[in-house]
Protein chains: 2
Amino acid sequence: MPRTESQNQELREQRSEEILNAALGVFSRRGMVATKISDIASEANLSHGLVYHYFKSKEEIFTLLVKRAAESSGQIIEKAHLQDGSAIEKIKWMTEQILHSLTDGNHILLFLIMIQASTSDAVPEEVKQFLTSEEFKSPISCLIPLILEGQQCNEIIGENPIKLAVSYYSFIQGFAINKLQWSQCPVPEADLIIKIFR
Amino acid sequence: MPRTESQNQELREQRSEEILNAALGVFSRRGMVATKISDIASEANLSHGLVYHYFKSKEEIFTLLVKRAAESSGQIIEKAHLQDGSAIEKIKWMTEQILHSLTDGNHILLFLIMIQASTSDAVPEEVKQFLTSEEFKSPISCLIPLILEGQQCNEIIGENPIKLAVSYYSFIQGFAINKLQWSQCPVPEADLIIKIFR
DNA sequence: GTCTATAGGCTGATAGAC
DNA sequence: GTCTATCAGCCTATAGAC
């Protein structure tokens, strides 16, 4: 009995996700250029030919993952703004979310893709354009309104807000990297990081 | 008039450094796998053939740079231990040195090579071995004695020293990455970072 | 020492069978 | 939808001329 159209659709969707997941794993370990299509294929347990049935190229897969990562990081910041409480409580909440997402699941891999995308020159042109486009809101620029809010009620020290935002994200990004190298490393509490704002 | 032996020696040394410097620049921008020998050659203004006259392979160049980077980071920590003052003053001094070295010169490139070497799977076997060998002292483990010293005289909070060290290096590494992406970004003061210890 | 030419291997991408 | 076979291009590394 042949598959129905909707079953076919579902299969396509599922395979596609399998490939993307496999790619995420390999990309985050080896970087875009160093991963071969055959690496992705064998991680996903299918032939390299099939990868091309679902995606146009290796670059397309990478670009897609970068956009997902950007979206996922954007969502956390958005949620933080909607949170109850003072500015610093919002930042603390966000920090807890991030640290938690780095600790379990493969959110950390999306994080690393993002770091690779923004630190390496050897990425698809489309990724470069995306990262400099209006569409992409950098985490640093999204954090600044929150910092200003905290400074107005003297919750946060009167330091250059950009400097504070850079420091905060340095911390987060650096920790993601450390965590990848040493997955069992102790995770700092959000309060430890928040200290830089006081 | 032919060159004397010592002039030849000097030329070799000089060319060798030129190539290493060029390689450092390209590696840090594109990563090891994505840089071609011809990239290094043209950055150094010489033919690709000549690169092979000085080095056995691309991997050899990368490995050499990783070892230099490790040495240079080890030296800073060593100097910090020899510094006068309390533990936290030593850490502050070290932080200032690091921030300064990230700000000018191409020390930051060595830093990034180190990050690449320790985060990517796609590095020469010799690099992997080196990073797990006794020869290589990880910055985190080198910082711990200093933290313990500070905790004994209540200069530093009684938090898990490993956690503190991880947090500190997360910050430093993350900042190096940010600085590379955005070279004009404001540089936090050492005191801002040191807050996590109090 | 330095260059150009080229061999050899690998990999991204496609074609075509099932 | 999935696989295997294969092509075409690129890149490392070497050989040999100057």
Side-chain angles (χ1 to χ4, degrees), chain A residues 1-23 26-27 29-65 120-127, chain B residues 1-23 26-27 29-65 120-127:
Chain A
M1 191 171 86
R3 286 188 291 270
T4 67
E5 189 51 41
S6 84
Q7 278 174 324
N8 260 326
Q9 190 66 28
E10 205 173 303
L11 183 59
R12 271 197 77 82
E13 184 66 24
Q14 194 180 317
R15 274 270 174 280
S16 186
E17 283 304 315
E18 277 170 25
I19 294 171
L20 283 171
N21 248 311
V26 193
F27 279 150
R29 283 198 301 276
R30 305 182 58 83
M32 195 199 78
V33 182
T35 91
K36 296 165 258 179
I37 288 287
S38 61
D39 292 336
I40 298 174
S42 61
E43 182 95 0
N45 283 47
L46 34 82
S47 70
H48 55 244
L50 195 54
V51 175
Y52 286 100
H53 183 70
Y54 285 92
F55 300 96
K56 211 174 76 270
S57 66
K58 190 170 74 166
E59 302 207 338
E60 191 193 34
I61 300 177
F62 187 78
T63 306
L64 220 155
L65 288 172
S120 175
D121 244 31
V123 293
E125 199 51 43
E126 198 186 338
V127 168
Chain B
M1 188 172 88
R3 288 189 290 270
T4 66
E5 190 51 42
S6 84
Q7 278 174 323
N8 260 326
Q9 190 67 28
E10 206 173 303
L11 184 58
R12 272 196 77 81
E13 184 66 24
Q14 195 181 315
R15 274 267 173 281
S16 186
E17 283 304 315
E18 277 169 26
I19 294 171
L20 284 171
N21 248 312
V26 193
F27 279 150
R29 283 198 303 276
R30 305 182 56 84
M32 194 198 78
V33 181
T35 92
K36 297 165 259 180
I37 288 288
S38 61
D39 292 335
I40 298 173
S42 63
E43 181 97 0
N45 284 24
L46 35 83
S47 70
H48 55 241
L50 195 55
V51 175
Y52 287 99
H53 184 70
Y54 285 92
F55 300 97
K56 209 174 79 270
S57 65
K58 191 170 71 166
E59 303 209 338
E60 190 192 37
I61 299 177
F62 187 79
T63 305
L64 219 154
L65 288 172
S120 174
D121 243 33
V123 293
E125 199 52 42
E126 198 185 339
V127 169

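Using a 4.0 Å cut-off, some side-chain N or O of B:His53 falls inside it from OP1 or OP2 of C:dG1. Distances shown here put a side-chain N or O of A:Tyr54 below 4.0 Å from the OP1 or OP2 atom of D:dT2. Distances shown here put a side-chain N or O of A:Arg12 below 4.0 Å from the OP1 or OP2 atom of D:dG1. Within the 4.0 Å cut-off from OP1 or OP2 of C:dA13, at least one side-chain nitrogen or oxygen of A:Tyr52 is found.
In A:Glu17, the CD atom is crowded: over 12 heavy atoms of neighbouring residues, nucleotides or ligands sit closer than 6.0 Å. The environment of A:Glu126 atom CD is sparse: at most 12 non-hydrogen atoms of other residues, nucleotides or ligands sit within 6.0 angstrom.
No donor-acceptor distance shorter than 3.5 angstrom exists from the side chain of B:Asn21 to the backbone of B:Glu18, with no hydrogens or angles considered.
Atom CG in A:Leu46 sits roughly 8 Å away from atom P in D:dT2 (whole-Å rounding). Rounded to whole Å, the distance from CG on A:Leu50 to P on D:dA5 is 16 Å. In this structure, NZ of B:Lys36 is placed 12 Å from C1' of D:dG9, rounded to the nearest angstrom. Rounded to whole angstrom, the span from the CG atom of A:Leu11 across to the P atom of D:dT2 amounts to 5 Å. Atom pair B:Glu10:CD and C:dG1:P shows a separation of 13 Å (rounding to whole Å applied). Between the NZ atom of A:Lys58 and the P atom of D:dC10 there is a distance of 15 Å, given to the nearest Å. Put simply, CZ on B:Phe55 is 16 Å from P on D:dT12, counting in whole angstrom units. The separation between A:Ile37 atom CD1 and D:dC10 atom P is 17 Å, rounded to whole Å.
Here the side chain of A:His48 is nearest to one of C:dG1, C:dT4, D:dA5, namely D:dA5.
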Can I get a per-line list of side-chain donor-acceptor pairs under 3.5 Å for residues 55-62 of chain B, giving both atom names and the distance, sequence neighbours left out?
unit_1, atom_1, unit_2, atom_2, d
B:Ser57, OG, B:Glu59, N, 3.4
B:Ser57, OG, B:Glu60, N, 3.2
B:Lys58, NZ, B:Met32, O, 3.3
B:Lys58, NZ, B:Val33, O, 3.4
B:Lys58, NZ, B:Thr35, O, 2.9
B:Glu60, OE1, B:Lys56, N, 2.6

